[in-house]
Amino acid sequence: MHLASIIAVLASAALGVLAWGSPAPGWAQAAAILMPVLWASASNRWIAGLIVMAYTTAASRGLIPGIAEFFDTNLVHGLTLWLAAGLFTGLVGLACWHRSPSFRVLLLPVMMLALIVPPAGLVGWAHPVTAAGWLFPGSGWLGLVVTVALAMLLAWKRPLIHATAVFVPLLAVGATLNEPAEIPSGWSGHNTHFHFGVGSSAQRDPMEEIRRHWAMQSQVATATGPVHVLPETVGGRWNSQASADWQRLLVDMPGHTVLMGVYESLPRGGYHNALVEITAEGSRIAYRQRTPIPVGMWRPWDNSGAVPQWISQPGTVDVAGHQAAVLICYEAFLVWPVLHSVLNQPELFITIASTWWAPKSIHRSQHHAMQSWSRLFKIPLVEAYNL
């Protein structure tokens, strides 16, 4: 491997660290658009694959200790799954490379698209196109096209010169246009700090779930409203008793609505990772996650895992009188669930997650990605995290 190739691979890894989960401001995520530029500079397809893999694995570095914590196991399991996901995306970079520099630039959009759509899109988080909201806020779908065109321009012949002359000024301008879309009046996201998950016994302990409900009810009762958003899965396995408990609270809070992450058990085994809407009159499952995280929740070989909804779940749902694009945890890292939702013209984004098990880099990555999508499409964002 030549020195230039080694530098390109290391630079790609550095981009993954900087753009995803570093303590840098959210606009640093715009640097992700430089990964395809490095890919286009690769001298052969093996280097091209390594560049993509280095970027993805660096961006998802928090999975190594996170998976070990989530499943209460050793780091080997986390390392194995982390490398497997990186290898999958690396194969995309390898397959799309062409020996002709001009063809490589033309194939750059193909490579980026292949990382969006399944199957690679199921593990293709930290996608470079997420930079669009930081570079071209308010530009919507056109901004996505221009972002890909920008990557092609930067990759054309003299990438370092182009990156300096074009990318840096654009980033400087985009970073100053940081006016968030206004959240509907009365909506608020409530963060929590419970430690539980698929890999722990606490999630299956009914008394532990009851104590969580009591804590959240106290939090909601003292908050302003009238719409309260609570994080992913904090409601445990949803049932009529839990619904009745919340309804009793909301009877004394006329007009208030609670949106909370829960597990919806299925008769034939497995569950839906879902969002429940609760009012004084009753409750209903408003949204079921389209893309549960592979292996962690979605396990096709096991009927006890989460059941994905893929396309059967509409991209937007009516909650508390608004058309909302709901993105549960892993979906916020991917591109296709976001775009699937935006096609239905939502009035706001609702993002809920439970990442108590993960290093801070995971939460930062998720938060900054959703900020970028909110900026790009001028759609208000309501977030609730269990940290």
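All of these numbers come straight from a predicted model, not from anything done at the bench.
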Nearest 0.5 Å please: distance from the CG atom of Leu266 over to the OG atom of Ser304. 11.5 Å
Rounded to the nearest 0.5 Å, what separation is found between the CD atom of Glu264 and the CD1 atom of Ile285? 4.5 Å
Please report the interatomic distance OG1(Thr233) to CZ(Arg212), rounded to the nearest 0.5 Å. 7.0 Å
Start with the C-alpha distance between Arg290 and Glu331, add both sets of side-chain angles, then the distance that settles salt bridge (Lys or Arg N to Asp or Glu O under 4.0 Å), and finish with yes or no. CA-CA 8 Å; Arg290 287 162 285 178; Glu331 293 174 322; 3.7 Å; yes
Under the criterion side chain to side chain donor-acceptor pair (under 3.5 Å), which of Gln289, Gln309, Gln313 is the partner of His272? Gln309
Any idea how Trp336 and His340 line up, ring-wise: parallel (<30°), tilted (30 to 60°), or perpendicular (>60°)? tilted
Listed partners of Arg61 passing salt bridge (charged side-chain N to carboxylate O under 4.0 Å, His left out), at least two apart: none
Do we see a donor-acceptor contact under 3.5 Å between the side chains of Asn273 and Glu232? yes
I need the full list of side chain to side chain donor-acceptor pair (under 3.5 Å) pairs touching residues 11-21, with sequence neighbours left out, sorted by first then second residue. Trp20-Tyr55
Any idea how His228 and His256 line up, ring-wise: parallel (<30°), tilted (30 to 60°), or perpendicular (>60°)? parallel
Mutual orientation of the aromatic rings belonging to Trp246 and His213 [parallel < 30°, tilted 30-60°, perpendicular > 60°]: perpendicular
Parallel, tilted or perpendicular, as decided by the 30° and 60° cut-offs, for the rings of Phe377 and Trp373: parallel
The reported gap from CH2 in Trp27 to OG in Ser372 (rounded to nearest 0.5 angstrom) is 14.0 Å
Sequence neighbours left out, what passes salt bridge (charged side-chain N to carboxylate O under 4.0 Å, His left out) with Arg99? Give chain and number order. none
Measuring from Leu381:CG to Ile183:CD1, what's the distance to the nearest 0.5 Å? 6.5 Å
Measure the spacing between CG of Leu275 and CG of Leu327 and express it to the nearest 0.5 Å. 11.0 Å
